[in-house]
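Just below is one structure, and these are the notes that go with it.
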Amino acid sequence: MGAPIRLVVGLGNPGREHDATRHNAGFWFVDALAAARGTSFSGEPRFHAAIARVGQDLRLAKPSTYMNLSGRAVGALARFFAIAPGEILVVHDELDLPPGDARLKFGGGVAGHNGLKDIRAHLATADFWRLRIGIGHPRDSDVPQQQVVDYVLKPPRRDERDAIDAAIGRGLEVIPALVAGDTEQAMTALHTKEAK
């Protein structure tokens with residue numbers, strides 16, 4: 001058993017123009033989690049984020065800064081609520097996984113992801129949980145020569161979005177295990193479903 005997850009942070013960019021873009025897969029996840037739990041987000045300027053509560057012990061957050069400043073919100077929340085890095089789950093888009101894949105991971109590198117890089121800086125450690133939502137890589141897309149930044153800031157095709165939504169659904173199913181601190185069970189359940 002690991003530490004129970006007390007904070008789930010979805011990464012994305014604020015503003016309606018970014019709502020449907022691949023880079024906002026983390027926002028899609030926490031929005032779906034809030035909806036499933038019958039709660040909603042409200043802006044909390046002191047935490048640089050919109051926050052939702054699930055029960056007594058779990059908070060959901062969507063940083064209101066741009067992606068590359070996500071650590072500001074995560075650091076502020078972790079300090080105020082005395083949440084250890086190992087009790088934080090960061091949900092983000094992942095270029096190295098195809099749409100439809102979702103993977104849980106603890107610690108490790110940030111693979112050039114600016115949101116993760118800033119969180120690592122603010123927490124002074126990379127030892128937090130990540131739920132990586134696959135969005136695919138431009139080299140495997142219809143326009144393989146496009147820049148990564150252009151790719152992540154565009155909406156996915158309909159079939160890709162359906163696959164991403166399915167991956168988000170599988171991720172939601174393992175949240176109870178993560179909140180209970182049963183990270184092994186959560187990883188096994190998510191990655192076994194993935195293999196099928």
Side-chain angles (χ1 to χ4, degrees), residues 1-15 18 22-31 33-34 41-97 102-135 148-149 152-153 171 174-187 190-191:
M1 293 286 277
I5 294 298
R6 296 173 54 212
L7 174 63
V8 179
V9 182
L11 298 190
N13 284 311
H18 295 294
R22 293 179 177 97
H23 222 17
N24 276 34
F27 276 11
W28 303 344
F29 183 89
V30 290
D31 281 338
L33 179 53
F41 286 90
S42 56
E44 292 270 3
R46 66 185 166 150
F47 297 130
H48 316 282
I51 309 292
R53 268 309 273 280
V54 177
Q56 282 303 304
D57 299 323
L58 183 63
R59 284 178 174 78
L60 316 180
K62 297 195 296 184
S64 52
T65 58
Y66 279 93
M67 176 73 82
N68 58 353
L69 297 175
S70 300
R72 201 180 283 180
V74 179
L77 285 159
R79 281 189 303 275
F80 188 85
F81 294 108
I83 298 171
E87 299 172 324
I88 298 171
L89 174 67
V90 176
V91 187
H92 64 90
D93 58 306
E94 176 59 72
L95 287 160
D96 294 329
L97 293 175
R103 290 262 184 266
L104 266 171
K105 171 184 173 182
F106 181 74
V110 295
H113 194 292
N114 290 329
L116 294 177
K117 207 177 286 183
D118 197 55
I119 292 167
R120 179 179 65 186
H122 278 265
L123 294 177
T125 180
D127 290 344
F128 51 89
W129 284 93
R130 301 97 187 269
L131 177 58
R132 303 155 63 216
I133 306 287
I135 60 165
V148 164
V149 66
V152 299
L153 293 177
V174 302
I175 288 293
L178 289 170
V179 171
D182 198 343
T183 48
E184 280 299 312
Q185 184 198 324
M187 289 179 88
L190 183 64
H191 299 166

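Positions are given from 1, in the same order as the sequence printed here. Just so you know, these numbers come straight off a predicted model, no measurement behind them.
- Of all non-hydrogen atoms in G10 and V30, the two that sit nearest each other are N-CG1, 3.6 Å.
- Cation-pi check for R59 over F81 is met; the charged atom lies under 6.0 angstrom from the ring centroid and within 45 degrees of its normal.
- A distance of 4.5 Å separates NE2 of H113 from CE of M67, quoted to the nearest 0.5 Å.
- Residues L104 and T183 fail the side-chain proximity criterion, which asks for heavy atoms closer than 4.5 Å.
- Here the side chains of V54 and L60 are in contact, with some heavy-atom distance below 4.5 Å.
- If you take CD1 on I5 and CG on D182, they are separated by 11.5 Å, rounding to the nearest 0.5 Å.
- Between the CD atom of E44 and the CD1 atom of I51 there is a distance of 6.0 Å, given to the nearest 0.5 Å.
- With a 4.5 Å cut-off on side-chain heavy atoms, V74 and H122 do not count as touching.
- Across E87 and A3, no two heavy atoms sit closer than the pair CG-CB, 3.9 Å.
- Residues A49 and A73 come closest through the heavy atom pair CB-CB, 4.0 Å.
- Interatomic distance, R132 CZ to L97 CG, rounded to the nearest 0.5 Å: 4.5 Å.
- Not less than 6.0 angstrom separates the ring centroid of F41 from the ring centroid of F27.
- Between K62 and D31 there is a salt bridge, since a side-chain N of the basic residue sits under 4.0 Å from a carboxylate O of the acidic one.
- In this structure, the side chains of L7 and I88 come closer than 4.5 Å at one or more pairs of heavy atoms.
- Taken to the nearest 0.5 Å, the CG atom of L178 stands 9.5 Å off from the CE atom of M187.
- Of all heavy-atom pairs spanning L77 and A61, the tightest one is CD1-CB, 3.7 Å.
- Taking CG from N24 and CD1 from I133, the interatomic distance works out to 13.0 Å, rounded to the nearest 0.5 Å.
- Minimum interatomic distance between H92 and E94 (heavy atoms only, all atoms of both residues): CE1-OE1, 3.6 Å.
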**Report entry** D57/V179 under side chain to side chain contact (heavy atoms under 4.5 Å, CB included): CA gap, chis, key distance, verdict
**Finding:** CA-CA 9 Å; D57 299 323; V179 171; 5.9 Å; no
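- Side chains of Y66 and H18 form a contact here, defined as non-hydrogen atoms less than 4.5 Å apart.
- Here the side chains of L89 and I175 are in contact, with some heavy-atom distance below 4.5 Å.
- In terms of heavy-atom proximity, D118 sits nearest to G71 at OD2-N, 2.8 Å.
- Remark: side-chain polar atoms of R53 are paired, donor with acceptor, to backbone N or O of Q56 under 3.5 angstrom.
- Residues P63 and V9 are in side-chain contact: their nearest non-hydrogen atoms beyond the backbone lie under 4.5 Å apart.
- Between F47 and F80, the ring planes are perpendicular. Angles over 60° get that label, and only those under 30° would be called parallel.
- Taking the side chain as every heavy atom from C-beta outward, L131 and V174 never approach each other to under 4.5 Å.
- For D127, the CG atom counts as densely surrounded, since its 6.0 Å shell holds more than 12 non-hydrogen atoms of other residues, nucleotides or ligands.
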